[in-house]
Amino acid sequence: MPYTTILFYVLAFIIVASAVLVVFNKNVIHSAFALFFTLFAVSGIYVLLRADFIAITQIMVYVGGILILLIFGVMLTTKITDVELKTKNLNVVPSVIFSLGIVIILIFVILSTKWNIRMAPESEETVSQIGKALLTTYLLPFEIASVVLLVALIGSAMFARKIKD
Amino acid sequence: MGNILTQWLGDNLLTFILIPVPVLVWVLIFALYAVLGERKVSAWMQNRIGPNRTDKYGLLQTMLDVVKLIQKELIIPNRADRVYFRIAPYIVFTATFMGFAVLPFSSVFIGVDLNLGLFYFFAITSLSVIGVLMAGWSSNNKSSLFGGMRTVAQIVSYEIPTALSAIVVVMLAGTLSMQRFAEIQSGGILNWYIFGGPGSLIKFILIPVMVVSALILFISTLAETNRTPFDLTEADSELVAGVHIEYSGMMFAMFFLAEYAQMFAVSGIITTLFLGGWQSPFGDLIPFLNSPVFQVFWFLAKSLFLVFVQMWLRWTLPRVRIDQLMTMCWKFLIPITLVDLFLVAVYMILT
């Protein structure tokens, strides 16, 4: 077995195990820290898929940005020294039925799809290709996304200021 | 391949395990002597002698300190979160050490020459933030938690000027690979990016822009490593020692090791981007001085000089306040780097 395959199974195990921890932990901060391992292992999967830019962006955006915001949010919304925030399980029966249904659909889709397996081509300059695509083919979506982000920034700054008076 | 070990030993798993070993050994030796160096530098600046008991010049001082730290009991507070308290120091050090994978020590030795080297470095070193947050929260101590949150706020803010001032060089070089940055700046000291990089004589008009960018990169990486004057995270008059409060023995030593490793890592990044990386300052005039072994010497010499400047500043400047820190980042450093970026873009269009 080539060691990339072993790596894949190790990463997959980490993802599943830490995701289970995220869901079943009663303590919100523990869930957030477990999410760190999930997101980090997902970027490892991207590396195995030879999507190096996406792998690093995953770390930069999800681990370095969103996860930290999340932990900050949890810490600032509760009493700082003793975190009392706990999660509860509500509506156990309907949620189990619903998620089992989704699992069955997903397994059916995976089994009925015909997978074309081939080696991903080793791309030398992923960044320049992505940059060119963003500024030519996908220029309009790119600009719209940046405008939306700018509006969100201005909006959040406005909300933050309003508290003063 | 960018690494001589893969040429010698082949492209197999053993090689990949062996490549980090010399880097790790260097980091450990560096940390041992940088701690001593820091104490000596501080002593000289304050007209003292510094550690001189363990050897003629105190050379064994930090080694004995490590022996002392190993002997110490690992004390875990009763109400601390045991699991995350234990793993936090290791996450901080691992994240810092992962950054060393893209530092080009020589033209034949780099951990891995990624196409995205610089981007990888900035992403992976920001992981240490999670470790700091874990340490701060799991200690179950007010000052630890505030220290951790201050660290994170500071690092997240200063990532922006760091990345923007590095992009100035990325634009001129047209690459993100650390090995390429060093290769491009061949041909002597005047072709380093702090002097505008390689090119015709007109590049010298870039010198003010590049010097400002290099200074901003230095300032903001100083803030990211939490060194004085930006060491608010362990401001002893307010927070006792920040996230380090509850840590003892080797777990504290891991935080210390991570701090010194990061000092060297960011110095290596500045060296590679602005000071020619492993290039000899004499260029090709003396080819012997540009041989692979000497390249290691140049890289380490330049980086160690920057580490010395960091220590120098630590013992010269007083600590800033938290609002001054944020004002400096958002109102001065970021606008100045944006102007720098604009000027370089105009230069690139015109030439």
Side-chain angles (χ1 to χ4, degrees), chain A residues 1-4 6-7 21 25 27-37 39-40 43-44 46-47 50-76 78-83 85 122-131 157, chain B residues 12-14 16-17 79 81 83-85 87-88 91 94-95 98 102 112 114-146 148-153 155-157 159-160 163 170-171 174-177 180:
Chain A
M1 196 155 53
Y3 56 87
T4 45
I6 302 172
L7 264 181
L21 272 181
N25 236 317
N27 191 329
V28 179
I29 293 230
H30 281 184
S31 298
F33 284 145
L35 192 60
F36 162 70
F37 296 102
L39 295 171
F40 196 60
S43 84
Y46 283 132
V47 171
R50 294 204 174 140
D52 49 357
F53 183 77
I54 298 180
I56 298 173
T57 313
Q58 161 93 7
I59 294 176
M60 195 91 177
V61 173
Y62 282 93
V63 183
I66 292 176
L67 184 60
I68 290 173
L69 271 182
L70 213 145
I71 295 176
F72 252 65
V74 173
M75 282 179 173
L76 290 174
T78 53
K79 270 188 182 174
I80 276 185
T81 38
D82 50 349
V83 178
L85 206 57
E122 195 164 358
S123 170
E124 276 300 307
E125 288 282 338
T126 39
V127 206
S128 56
Q129 284 173 19
I130 290 173
Chain B
N12 53 36
L13 193 58
L14 180 74
F16 293 138
I17 295 171
R79 293 190 57 198
D81 193 300
V83 179
Y84 288 111
F85 187 79
I87 62 175
I91 289 184
T94 314
M98 281 170 90
V102 291
V112 50
L114 287 176
N115 285 329
L116 296 157
L118 190 66
F119 188 37
Y120 166 87
F121 181 84
F122 288 139
I124 214 82
T125 46
S126 74
L127 279 186
S128 65
V129 162
I130 298 278
V132 172
L133 263 182
M134 264 184 203
W137 180 78
S138 63
S139 304
N140 208 347
N141 177 322
K142 239 184 284 178
S143 306
S144 286
L145 187 61
F146 277 123
M149 292 178 88
R150 268 191 189 181
T151 317
V152 175
I155 293 179
V156 169
S157 319
E159 261 172 23
I160 301 167
V170 174
M171 277 167 67
T175 179
L176 279 166
S177 142
R180 279 294 295 155

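First the proteins, then the strands, lettered A, B, ... as listed; each starts at 1.
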Pairwise distance CG(B:L114) to CG(A:D52) - rounded to 0.5 angstrom | 7.0 Å
In a check of side-chain contact (heavy atoms from CB on, under 4.5 Å) between A:I56 and each of B:F122, B:F121, B:Y120, which one passes?
-> B:Y120
Would you give the length of the straight line joining atom NE2 of A:H30 to atom CE of B:M134, rounded to the nearest 0.5 angstrom?
-> 9.5 Å
Taking all non-hydrogen atoms of both residues into account, name the closest pair between A:G64 and B:S126 and its distance.
-> CA-OG, 4.1 Å
Let me know if A:F33 has heavy atoms under 4.5 Å from chain B in its side chain, its backbone, both or neither.
-> both
Which bit of A:F40 is near chain B, if near means a heavy-atom gap under 4.5 Å: side chain, backbone, both or neither?
-> side chain
Identify, with sequence neighbours excluded, every residue that meets side-chain contact (heavy atoms from CB on, under 4.5 Å) alongside B:V132.
-> B:V92, B:T151, B:V243
Best-contacting candidate, B:I91, B:L127, B:V129, against chain A by heavy atom pairs under 4.5 angstrom | B:L127
List in chain and number order the residues that pass side-chain hydrogen bond (donor to acceptor under 3.5 Å, both in side chains) with B:S177, two or more places apart in sequence or in another chain; answer none if no residue qualifies.
-> B:D113
Mind checking whether A:I59 and B:I124 have side chains closer than 4.5 Å, heavy atoms only?
-> yes
What part of A:Y62 is in contact with chain B, defined as an atom under 4.5 angstrom from a non-hydrogen atom: side chain, backbone, both or neither?
-> neither
Side chain, backbone, both or neither of B:I155 within contact of chain A (heavy atoms, under 4.5 Å) | neither
Step-by-step side chain to side chain contact (heavy atoms under 4.5 Å, CB included) determination, A:I68 to B:V152 = CA-CA 8 Å; A:I68 290 173; B:V152 175; 3.4 Å; yes
Structural part of A:T57 lying under 4.5 Å from a heavy atom of chain B = both
Rounded to the nearest 0.5 Å, how far apart are CD1 of B:I87 and CZ of A:F37?
-> 4.0 Å
